[in-house]
*Asks:* 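Once you've had a glance at the structure underneath, I'll fire off some questions.
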Amino acid sequence: MNFILDYYNYWIVVFLMMSGFYIVISANNLVKKIVGLNIFQTSVFMLYISMGKVSGGSAPIVAEGITQYSNPLPHVLILTAIVVGVATTAVGLSLVVRIKRAYGTVEENEFENKDDAI
Amino acid sequence: MTGILAATCVAILVVMAMALSRAISAPTVYDRILGVNMFGTKTVLFIAAVGFFMGRPDFLDIAIVYALINFIGMVAVLRFFEYSAPVE
Amino acid sequence: MFIIDIISSILLLAGAFFGLSGAIGLFKFPDFFTRVHAASVTDSISALLIVGGLLLQTSFDLNTAKLMFILIFLMITSPTASHALAKSARHSGLLALAESKGKPQGKSTNG
Amino acid sequence: MAEFIDLVLLAMLAITALRVIFLKDLFAVVMLFGIYSFLSALIFVNLDAVDVAFTEASVGAGISTVLMLGTLALTGRTEKKSPHSSILPLFVVLVTGGALIYGTLDMPPFGHADNPVHEHVAPRYIEQSPTEVGLPNMVTSVLASYRGFDTLGETVVVFSAMVGVLSLLGVVRREEGDTPESGLVSHQVLHVVAKLIIPLIILFALYVQFHGDFGPGGGFQAGVIAAAAFILYALVFGLPKAFAVVEPKVLQWMASFGVLLYASVGLFSMYKGGNFLDYNMLAANPLSGQHYGIIIIELGVGITVFAVMLSIFYAFGSQAERSNVQ
């Protein structure tokens with residue numbers, strides 16, 4: 001039982017990561033692929049934050065009467081990673097828009113054999 | 001008092017789960033939006049209640065952000081949904 | 001102090017009850033417009049009651065102001081969102097149960 | 001209780017992710033992705049990462065979802081059936097997942113205070129930063145002061161994302177009256193409510209910007225929230241009116257100004273005789289120097305993020321409006 005309590009967080013994170021991965025490699029639509037990429041990314045964030053948690057700890061903002069704080073370092077790394085993540089998502093989506101304009105479709109199997117029209 | 005707060009948190013969690021199941025399998029697309037919206041407002045209440053339950057209610061800012069983003073997301077869904085309403 | 005705790009408990013529990021009844025209404029009611037009705041009305045009242053209950057737990061500091069902000073925000077946006085949603089649905093041709101005479105809803109776009 | 005909440009939220013996340021796999025209606029996929037972001041932000045709150053939750057709720061659930069919806073308006077809302085069989089992807093995913101699960105068994109157990117992560121630099125940040133930097137919010141201290149150079153890099157990445165999106169899509173300035181149907185014209189109630197709400201949102205963004213040293217918040221979040229206010233305006237009243245409020249050209253200037261403001265703080269501290277981004281040199285007293293430095297660079301970050309998010313939205317929105325006219 002203790003074993004499960006120690007690791008369930010990581011296992012669910014792996015499950016989410018694999019769901020995102022499955023969407024990325026099996027989806028035919030590019031927008032859905034980007035959603036899958038975001039799901040994958042969020043699960044990585046969750047892995048980092050899980051590692052930073054100290055049980056019985058509190059949020060790393062100094063307040064009276066609190067002795068145990070969680071680790072602030074993963075929080076900093078992930079905070080900036082989220083903003084960079086949305087930036088890359090935006091670039092990816094604008095590529096999707098350009099593909100739609102060039103080929104008239106965003107389904108992978110419909111444009112993969114066409115000539116380079118961009 | 002903590003017992004009451006815990007009961008409230010659990011009740012809100014149950015409501016969130018029901019709204020989520022509505023958003024997952026809805027008869028019409030509008031029902032789905034309704035489920036998502038309800039999920040959002042209940043999340044706001046959940047964060048507020050859990051903050052008091054855990055004894056650090058300083059983090060109500062996050063609840064405010066949720067309320068705000070939930071509304072904007074709702075407007076965005078309606079706006080872009082009207083654009084692409086004819087199903088291809 | 002004791003009285004305030006009791007009042008706040010009653011408000012919190014009532015809020016939870018209304019929230020639950022709204023969620024049940026989301027499943028039980030026959031057509032979309034009645035479901036909007038169930039969801040939006042209970043949403044507002046449960047937000048009012050729960051935030052009200054929490055307000056009594058604060059000691060009139062920054063948290064009180066934030067809770068008031070949440071309350072005002074929810075009281076403005078939640079009914080608006082429901083209204084806009086119902087209006088969009090109506091414009092797109094979704095019919096109420098009485099109008100569609102028991103026929104299945106037309107716009108089933110469930111994937 | 002914390003574990004129970006954590007478990008319930010993780011279960012909801014797993015169900016949402018599973019449902020996203022099988023849905024073909026992309027509108028529903030994007031809405032469920034919004035729920036997914038909200039749920040992960042809730043988990044971050046539960047795991048004590050309030051700043052991260054703040055960012056995820058505003059950036060992940062807000063901006064990403066709006067951008068995806070804007071793309072869907074252009075690319076159509078249903079996914080066609082894939083001609084490939086799903087056996088091979090499933091096999092790859094199962095093998096990778098199995099390997100990762102096997103890998104987690106070597107990880108330190110969840111939540112123990114003596115894990116390796118908590119032993120290297122973290123104790124120094126927790127113990128020293130309130131006296132060295134003088135701020136209660138350790139995340140802001142580490143983000144803006146100890147790892148200030150890293151954050152400068154992130155700001156530049158965000159800026160270059162704007163350059164990328166604008167060079168791919170471009171912002172088209174439209175004539176007034178070109179699209180009379182622009183915006184949610186028939187929703188009178190939304191118009192009134194949006195006018196009420198937008199000042200409140202901007203006020204809240206300013207609060208987040210300048211209260212970020214003491215509570216959750218900071219430049220990244222404030223920039224996104226302020227951009228969200230303008231996005232709401234553009235959604236309700238139409239892009240041409242939003243262009244009249246903030247011109248796309250102005251946004252490009254603002255984005256560059258934010259990055260330059262950040263970098264110039266670093267150069268100024270070098271001029272004063274310290275290292276790059278050494279805030280101790282900014283004032284006679286090191287603590288107030290840290291304070292000035294953090295406030296100025298957070299302002300730079302806020303301005304850049306605001307301008308970048310809004311101009312990315314403008315780019316997508318003007319594409320969507322153009323396709324609507326055709």
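Labels below follow one simple rule: chain letters A, B, ... track the order of the sequence lines, proteins then strands, and each chain is numbered from 1.
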*Asks:* Heavy-atom distances under 4.5 Å only: say whether V91(A) touches chain D with side chain, backbone, both or neither.
*Replies:*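 Answer is both: backbone and side chain atoms of V91(A) are under 4.5 Å from chain D.
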*Asks:* If you count heavy-atom pairs under 4.5 Å with chain A, which of T96(D), V29(D), I312(D) comes out on top?
*Replies:*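 The candidate making the most pairs under 4.5 Å is T96(D).
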*Asks:* Against chain D, label S58(A) side chain, backbone, both or neither, depending on which of its atoms sit under 4.5 Å from a heavy atom there.
*Replies:*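 For S58(A), backbone heavy atoms alone lie under 4.5 Å from chain D.
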*Asks:* Do you know which of T105(A), T42(A), T89(A), I78(A) has the most heavy-atom pairs under 4.5 Å to chain D?
*Replies:*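 The candidate making the most pairs under 4.5 Å is T42(A).
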*Asks:* Check whether I23(A) gets within reach of chain D through its side chain, its backbone, both or neither, counting any heavy atom under 4.5 Å.
*Replies:*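 Just its side chain gets close to chain D.
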*Asks:* Side chain, backbone, both or neither: which part of L77(A) has a heavy atom under 4.5 Å from chain D?
*Replies:*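 Only the side chain of L77(A) comes within 4.5 Å of chain D.
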*Asks:* Is there side-chain contact between L26(D) and K32(A), with heavy atoms separated by less than 4.5 Å?
*Replies:*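 Yes, at least one pair of side-chain atoms sits under 4.5 Å.
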*Asks:* Could I get the full list of side-chain hydrogen bond (donor to acceptor under 3.5 Å, both in side chains) partners for S70(A), not counting sequence neighbours?
*Replies:*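 By the side-chain hydrogen bond (donor to acceptor under 3.5 Å, both in side chains) rule, S70(A) matches D48(D).
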*Asks:* Does any heavy atom of chain D fall under 4.5 Å from the side chain of A63(A), the backbone, both, or neither of them?
*Replies:*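 Neither part.
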*Asks:* Please classify the contact between V14(A) and chain D as side chain, backbone, both or neither, with a heavy-atom cut-off of under 4.5 Å.
*Replies:*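 Side chain only.
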*Asks:* Residues in side-chain hydrogen bond (donor to acceptor under 3.5 Å, both in side chains) with N29(A), at least two apart?
*Replies:*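 Checked N29(A) against side-chain hydrogen bond (donor to acceptor under 3.5 Å, both in side chains); matches are E107(A).
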*Asks:* Using heavy-atom distances under 4.5 Å, tell me whether I12(A) contacts chain D through its side chain, its backbone, both, or neither.
*Replies:*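 Only the side chain of I12(A) comes within 4.5 Å of chain D.
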*Asks:* Are any of the side-chain heavy atoms of F38(D) and L42(D) separated by less than 4.5 Å?
*Replies:*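 A side-chain contact under 4.5 Å is absent here.
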*Asks:* Can you tell me if Q221(D) and S58(D) form a side-chain donor-acceptor pair at under 3.5 Å?
*Replies:*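 No - no donor-acceptor pair under 3.5 Å links their side chains.
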*Asks:* Given that the side chain runs from C-beta out, which part of Y8(A) has a heavy atom under 4.5 Å from chain D: side chain, backbone, both or neither?
*Replies:*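 Side chain only.
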*Asks:* If I measure from the heavy atoms of chain D, does F15(A) come under 4.5 Å with its side chain, its backbone, both, or neither?
*Replies:*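 It is the side chain, since no backbone atom gets that close.
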*Asks:* Apply side chain to side chain donor-acceptor pair (under 3.5 Å) to residues N71(A) and H118(D) and explain how you reach the verdict.
*Replies:* CA-CA 6 Å; N71(A) 191 342; H118(D) 307 307; 3.3 Å; yes
